[in-house]
Amino acid sequence: MRYPILGVIVFASCFPMPELAAQKKVDFVKEVLPIFMKRCSECHGAEEQEGDLRLDIKASVFSEEHSDPIILAGKPDRSMLYRRIVLDKDDPDIMPAEGDPLSKRQIATIKRWIKEGADWPDAASAKVEPEKSPQPVEVAVPDIDDAGKAALAALRKRGATAVRVSARSNAVYVNFSLLAKGAKDADVRAMRGLEPQLVWLNLGRTAITDEGVAELARYKELRRLHLEKTAVTDGALAHLAGLEHLEYLNVYGTAVSDRGIGALAPLKGLQKLYVWQSKVTAKGAAVLKKQLPQLVVDRGDYVAAIRKVTAEQKAAAPVNDMCPMMPKRKAVLTAVFVYEGERIAFCCEKCLARFAKSPDKFLPKLRRKKPGKTVKDTVNETCPFVDKPIKPGVVAVYKGKRIGFCCFNCRDKFAANPQKFAKVLEKFGLK
Ligand code: HEC
């Protein structure tokens, strides 16, 4: 088998291919990170984390909390970050959200970096101040021993993300959610050896069941745990009662109920509990909050509020056209918040939720519309394919009309062959 390989090498060196020879791999630290720091970090850094995104921390960019991947290695076109920087300069969703667009050269560098695998050295992340970050990056844990190293290797081989949360810490982050339903109860056992270091675990959208969660009782350092969109039930939460450091738990979209969250009462450090689209009621959340006063239970109440407004949206127009949180972006009627008698509209639920947390801080940013002013709009507010609100930046233009979608999958499905979706087009009078 040696001969043919040698043949290839000889061939390559006799006829150097100019493109390959000239282009050195993009150096993330020297070429890409400076763009993020200069043009993005003001809104996606230590001070502000717009869209829950920090572009100075690797784990934030590759976190599974984003519904569409921010960066998908090898695929710029499937990477939210790339798609948002190449939008038309007048597009309200373009990033950076203020100032000039990135230069052609900067865009090309980022594109090539993603294509080449989006290599982001672990050491190249901001050093996070503990009090500013909700992420458990500064936890002091012992060095990773041989059993732990073997576990990291096994997890990576399995296709999970298994990394240190920051350059300064041995604390470890493991993410199975990329494997989706391919990750099963048995896979959780591969983490054995990382008991002293595992602080952050994402099992969201996997095939984990209560039985797999039972295994987690041994990971006493866990700070953050994602179990959203899984088959876990009330029984699973009983296994977490001994995780005394747990700060964040996400059981959104599961069958967990009031009875199940009752088991969390001993977790004095629990700060955030996500129970949107579960069976947890407002009453159940209130009972738990009596025992854990610092706890914020997110039931997605603001989403219910939005639905209610949609039903009565004809009653009154909002006072603004543009989102107060994103001045370049139009506000939509599916995200309206009434504050001191004014109906204030936002571009998305995320902005609404941020505003609702501290209205007085953001009220000065509100620009009330002048009478008679019209805005360029999408023809719809709910995705044509799925019953979900449309998302900023996810738009297809067809026959001069802007149609919004809830995700790029839906958008691309439509854009690839608009004619095929006659029914959809009919809905918007575009047939
Ligand atoms: C002036 C503030 C500002 C600047 C500067 C800025 N952004 Fe943003 N960005 C936002 C806001 C606000 C959001 C959340 C709302 C949204 O998704 O549009 C956001 C959202 C995003 C998202 C989507 C996150 C998600 O989870 O959906 C990406 C990707 C992004 N920005 C990339 C960038 C990049 C890359 C840069 C620099 C080239 C940048 N942004 C600069 C304000 C900013």
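By convention here, the first residue in the shown sequence is residue 1. When a ligand or atom number is given, it counts from 1 through the structure's own listing order.
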> At a 4.0 Å cut-off, with the gap strictly under it, does some heavy atom of Arg83 reach an atom of ligand 1?
Replying inline: no
>> For the CZ atom on Arg189, are there more than 12 heavy atoms of other groups (residues, nucleotides or ligands in this structure) within a distance under 6.0 Å?
In response: no
> Could Asp56 and Arg54 be called an ion pair, given the rule that one side-chain N must be under 4.0 Å from one carboxylate O?
Replying inline: yes
> Is Asp93 salt-bridged to Arg329, cutoff N-O under 4.0 Å?
Replying inline: yes
> At a 4.0 Å threshold, what atoms of ligand 1 neighbour a non-hydrogen atom of Ile70?
Replying inline: 24 (C), 25 (C), 26 (O)
> Quick check: does any side chain N or O of Lys289 sit under 3.5 Å from a backbone N or O of Leu295, one acting as donor and the other as acceptor?
Replying inline: yes
> Looking only at heavy atoms, which two atoms of Ile208 and Thr230 are closest? And how far apart?
Replying inline: CG2-CG2, 3.6 Å
> Hey, which atoms in ligand 1 end up nearer than 4.0 Å to a heavy atom of Leu81?
Replying inline: 29 (C), 35 (C)
> Does Asp185 reach the main-chain N or O of Gly212 with its side chain, forming a donor-acceptor pair under 3.5 Å?
Replying inline: yes
>> Given Pro96, Cys348, Pro327, identify the one with the heavy atom nearest to atom 41 (C) of ligand 1.
In response: Pro96
> Is any NZ, NE, NH1 or NH2 atom of the basic residue among Arg78 and Asp412 found under 4.0 Å from an Asp or Glu carboxylate oxygen of the other?
Replying inline: yes
>> Could you work out, with side-chain hydrogen bond (donor to acceptor under 3.5 Å, both in side chains) as the rule, every residue matching Arg112, not counting sequence neighbours?
In response: Glu116
> Between the side chains of Thr233 and Asp210, is a donor N or O closer than 3.5 angstrom to an acceptor N or O?
Replying inline: yes
> So, is Arg329 polar-close to ligand 1, with some N/O to N/O distance under 3.5 Å?
Replying inline: yes
>> With respect to Arg39, determine whether any N or O atom, backbone or side chain, lies less than 3.5 Å from an N or O atom of ligand 1.
In response: no
> Among Cys43, Cys323, Cys347, which residue places a heavy atom closest to atom 1 (C) of ligand 1?
Replying inline: Cys43
>> Please list, in number order, the atoms of ligand 1 under 4.0 Å from a heavy atom of Leu55.
In response: 33 (C), 34 (C), 35 (C)
> Any N/O/S of His44 under 2.8 Å from atom 8 (Fe) of ligand 1?
Replying inline: yes
>> Quick check on contacts: which atoms of ligand 1 are under 4.0 angstrom from a heavy atom of Lys350?
In response: 25 (C), 26 (O), 27 (O)
> Taking both backbone and side-chain atoms of Arg84, is any N or O found less than 3.5 Å from an N or O belonging to ligand 1?
Replying inline: yes
> Does even one non-hydrogen atom of Ile110 get within less than 4.0 Å of ligand 1?
Replying inline: no
> If you measure from each heavy atom of Asp93 to ligand 1, is any distance below 4.0 Å?
Replying inline: no
